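Let me begin by presenting the structure, written as structure tokens, before commenting on it.
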Amino acid sequence: MAKKSIRKKIFVIFFIFICLLVFPDYNYFASQKVIINDAHTYLPLKGKDMAAGYLRISNNHSKLIGINSIECEEVNASLHETVIDSDGVIRMEKIAIFYIDPESHVDFMPGAKHIMFSGFDQFEDKKLKCSFGSDIGLKIPFTLEVLSNG
């Protein structure tokens with residue numbers, strides 16, 4: 001009777017081990033299907049601490065993904081979009097969430113969606129580490145290249 005119990009325990013441990021090998025971290029593989037290219041920003045002009053960031057984010061998933069947050073090391077960041085109202089006035093609006101269709105991309109560029117950064121007054125690195133948060137629980141890390149403004 002004791003031998004059956006030991007065999008059963010060994011089988012359970014072996015099964016768990018195999019499952020861990022076969023079913024690795026979903027978040028890792030899911031985040032690999034969201035690709036960020038050409039992420040960059042320019043250092044602000046002397047005496048200023050705000051800058052805009054640009055990139056292309058591609059969704060290679062088979063389902064819609066909503067991006068609902070951004071976090072960066074060393075600086076504050078938020079998602080914005082440039083809009084023109086009915087009077088022709090151009091202004092920026094903060095974005096709470098935006099969606100990327102399956103097998104498509106969204107470009108962040110001047111006059112459209114962009115990232116607003118503040119707190120660059122003490123920033124000296126050439127790279128800025130950030131991550132997007134999504135409505136499906138993915139954290140999507142990326143690095144922006146920080147270019148000089150001159």
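A quick note: this is a predicted structure, and the numbers were derived from the prediction, not measured.
When all heavy atoms of I65 and D135 are compared, the pair lying nearest together is C-OD1, 3.9 Å. K63 approaches P102 most closely through the heavy-atom pair C-CG, 3.6 Å. Listed here is the closest heavy atom pair of A51 and P44: CB-CD, 4.2 Å.
Both L43 and L144 are members of a single hydrophobic cluster when ILVMFWY side chains are connected at heavy-atom separations under 4.5 Å. Residue V106 is grouped with residue F142 when hydrophobic side chains (ILVMFWY) are merged at heavy-atom distances under 4.5 angstrom, including chains of intermediate members. Cluster membership check: L79 shares its hydrophobic cluster with I136, using side-chain heavy-atom separations under 4.5 Å among Ile, Leu, Val, Met, Phe, Trp and Tyr.
Heavy-atom neighbours of E103 CD from other residues, nucleotides or ligands within 6.0 Å: above the threshold of 12. More than 12 heavy atoms of other residues, nucleotides or ligands shown are found within 6.0 angstrom of CZ on F98.
F132 CZ to I57 CD1: the interatomic distance, rounded to the nearest 0.5 Å, is 5.0 Å. Once rounded to the nearest 0.5 Å, the distance linking CG of N59 with CG of L64 reads 7.5 Å. Taking CZ of F117 as the start and CG of L128 as the end, the distance is 5.5 Å to the nearest 0.5 Å. Of the inter-residue distances, the one linking N60 atom CG with I100 atom CD1 reads 10.0 Å to the nearest 0.5 angstrom. The CD1 atom of I95 lies 11.0 Å from the CD1 atom of I67; values are rounded to the nearest 0.5 Å. I70 contributes atom CD1, which lies 11.0 Å from atom NE2 of H80 (distance to the nearest 0.5 angstrom).
A side chain to side chain donor-acceptor pair (under 3.5 Å) check over residues 111-120, counting only residues at least two apart or in different chains, returns the pairs E81-K113. Each side chain to side chain donor-acceptor pair (under 3.5 Å) pair with one or both residues in residues 45-57, not counting sequence neighbours, appears once here: R56-H105, R56-D107.
Scored by the side chain to side chain donor-acceptor pair (under 3.5 Å) test, S58 finds no partners at all (sequence neighbours excluded). Residues meeting the side chain to side chain contact (heavy atoms under 4.5 Å, CB included) test with T143, sequence neighbours left out: K127, K129. Residues forming a salt bridge (charged side-chain N to carboxylate O under 4.0 Å, His left out) with E145 (at least two apart in sequence, or on another chain): none. Listed by chain and number, the residues in a side chain to side chain contact (heavy atoms under 4.5 Å, CB included) with I84 are I90 (sequence neighbours excluded).
A donor-acceptor pair is defined here as one N or O able to donate and one able to accept, closer than 3.5 Å; no such pair exists between the side chain of D87 and the backbone of V89.
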Before you tell me yes or no, could you show the steps for K139 and E71 under side chain to side chain contact (heavy atoms under 4.5 Å, CB included), namely the whole-Å CA-CA distance, both residues' side-chain angles and the distance that decides it to 0.1 Å? CA-CA 10 Å; K139 280 282 191 196; E71 292 180 11; 3.7 Å; yes
